[in-house]
Protein chains: 2
Amino acid sequence: MSAHTTDFAQALRDAGLRVTPQRLALLAILMDSADHPNADELLARARALDDSVSLATVYRTLSALEEAGLIRKLTLESEPSRYEITPAAEHDHVVDIDTGEVIEIANDDIARLRRETLEQLGYEIVSQHTLIRARRMRKS
Amino acid sequence: MSAHTTDFAQALRDAGLRVTPQRLALLAILMDSADHPNADELLARARALDDSVSLATVYRTLSALEEAGLIRKLTLESEPSRYEITPAAEHDHVVDIDTGEVIEIANDDIARLRRETLEQLGYEIVSQHTLIRARRMRKS
DNA sequence: TGACAGATGAGAATGCGTTGCATTTACGTT
DNA sequence: AACGTAAATGCAACGCATTCTCATCTGTCA
């Protein structure tokens, strides 16, 4: 969309990271992945662009990008973590327990509410994430 | 408190599970653990009661108890899962990122709100859990 | 261009959790 | 009270996601 969202090289420099083809590839892949790929899937997709990428680098890059706040890691139950570009709008995730599909649901007010609650308890929220496991209902 | 909450043997039978000393030990330990122990900690505590308990049995028992709805598993980021007796009241968890301490925060209205939202999307919630990572603020 | 810290690839290592298998045990039935 | 059987257990081996080691390579900056 707007220019700043796609200038990966600059985003990396801003985060104090070197600009390498592997990192550019992973950022580009994450940027136009509507799903939430895991490390294996990212490796496969990255190798289509640059066939020398290793799994270790995928993990190292994901950690660095997460630390820089560029991406978000989703820790799931009983399956490898998934990753997404840090979303503009707060949202949580619903895992369809039958298909494994992950969908997003917006969540601003809840997130804000919780931030206020925690503040009164003397805590500053670093991250919050709701994981919902659900199954599709059939029409009643 | 009331009788039914401590009749572990009956709870196991109701769940279609055999009553074994290992399972009784684990249930008893979980019942009066104010913290949220992980598998290793449970093993250590269980061995104080019955020194023959094995780690495999801890995991197998935890799975069975979770399946039966007697306990809840907390999947955390970058550390072993923790477990708690299924709480009477819905609550989420705050992990203090400096101390590792886990505290609980009530959550009824948010949980209900989310249940309604998901229902409109055609989903029936099986479980929902919010994990908050936070740090203690010092007085400003 | 040269120097060098940071990044990478390959594979070994780690750690949480699971599984196969032989043995034991809970528990309904004689 | 002893029996039979499926379920449960302990132990060790295993599986899998993630991290680490280390030798080599490469961005970046002077």
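Owing to the predicted nature of the structure, the values given are computational and were not obtained by experimental measurement.
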Next on the checklist: Please list, in numerical order, the residues of residues 62-69 of chain A that have a heavy atom closer than 4.0 Å to any atom of DNA chain D.
Outcome noted: none
Checklist entry - Atom CD of Gln10(A) and atom P of dT28(D): how far apart are they, to the nearest Å? => result 11 Å
Item to check | Residue met sooner reading DNA chain C from 5', once Thr20(B) and Gly16(A) are mapped to nucleotides | outcome: Gly16(A)
Next on the checklist: Just the rounded figure in Å: distance from C1' of dA7(C) to CG of Leu17(A).
Outcome noted: 10 Å
Next on the checklist: How about CD on Glu67(A), more than 12 heavy atoms from neighbouring residues, nucleotides or ligands closer than 6.0 Å, or not?
Outcome noted: no
Next on the checklist: Looking at Arg23(B), I'd like to know whether one of its side-chain N or O atoms comes within less than 4.0 Å of OP1 or OP2 on dA8(D).
Outcome noted: yes
Checklist entry - Between Arg82(A) and Glu41(A), is there a side-chain N and carboxylate O pair less than 4.0 Å apart? => result yes
Item to check | Euclidean distance, atom CD of residue Glu79(B) to atom C1' of dT18(D) [Å, nearest integer] | outcome: 15 Å
Checklist entry - Please give, in whole Å, the distance from dG4(D) C1' to Arg18(B) CZ? => result 11 Å
Next on the checklist: Does either side chain, that of Arg136(A) or that of Tyr123(B), offer a donor lying less than 3.5 Å from an acceptor on the other one?
Outcome noted: yes
Next on the checklist: Nearest to the Arg13(A) side chain among dG17(C), dT28(D), dA26(C), which nucleotide is it?
Outcome noted: dT28(D)
Checklist entry - End-to-end bend of the helix from dT1(C)-dA30(D) to dT30(C)-dA1(D) (five-pair axes, 10° rounding)? => result 30°
Checklist entry - Got a salt bridge between Arg45(B) and Asp35(B), using NZ or NE/NH1/NH2 to carboxylate O under 4.0 Å? => result yes
Checklist entry - How many Å lie between CG on Leu55(B) and P on dG15(C), as a whole number? => result 14 Å
Checklist entry - Just checking Arg60(B): base, sugar-phosphate only, or nothing, at a heavy-atom cut-off of under 4.0 Å? => result base
Item to check | Ala56(A), nearest nucleotide to its side chain (from dG17(C), dT18(D), dG9(C)) | outcome: dG9(C)
Next on the checklist: Looking only at side-chain N and O atoms, does Gln128(A) offer a donor or acceptor that is under 3.5 Å from a partner on Arg114(A)?
Outcome noted: yes
Next on the checklist: His36(B) vs Ser81(B), test: side-chain contact (heavy atoms from CB on, under 4.5 Å). Steps then yes/no.
Outcome noted: CA-CA 9 Å; His36(B) 302 76; Ser81(B) 294; over 6 Å; no
Next on the checklist: Could you check whether atom CG of Asp51(B) has more than 12 heavy atoms from other residues, nucleotides or ligands sitting under 6.0 Å from it?
Outcome noted: no
Checklist entry - Is atom CD of Gln120(A) surrounded by more than 12 heavy atoms (other residues, nucleotides or ligands) closer than 6.0 Å? => result no
Next on the checklist: With a cut-off of less than 4.0 Å, is there a side-chain N or O of Thr57(A) near OP1 or OP2 of dG9(C)?
Outcome noted: yes
Checklist entry - Stepwise, does the salt bridge (Lys or Arg N to Asp or Glu O under 4.0 Å) test hold for Arg72(B) with Glu84(B)? => result CA-CA 5 Å; Arg72(B) 184 153 73 135; Glu84(B) 67 182 358; 2.9 Å; yes
Checklist entry - Side-chain heavy atoms under 4.5 angstrom apart, residues restricted to Ile, Leu, Val, Met, Phe, Trp, Tyr: same cluster for Ile29(A) and Leu24(A)? => result yes
Next on the checklist: Looking at Tyr59(A), I'd like to know whether one of its side-chain N or O atoms comes within less than 4.0 Å of OP1 or OP2 on dT19(D).
Outcome noted: no
Next on the checklist: Distance check needed: dG17(C) C1' versus Glu41(B) CD, whole Å only.
Outcome noted: 16 Å
Checklist entry - Out of dT28(D), dG17(C), dT9(D), which has the shortest distance to the side chain of Gln22(B)? => result dT9(D)
Next on the checklist: Can you measure Leu12(A) atom CG to dG6(C) atom C1' for me and round it to whole angstrom units?
Outcome noted: 14 Å
Checklist outcome for this item: Rounded to whole Å, CD of Glu77(A) lies from P of dG17(C) at a distance of 12 Å
Item to check | Ser52(A) side-chain N/O to dG9(C) phosphate OP1/OP2 under 4.0 Å | outcome: yes
Item to check | Phosphate-side-chain proximity, Ser81(A) and dT18(D), N/O vs OP1/OP2 below 4.0 Å | outcome: yes
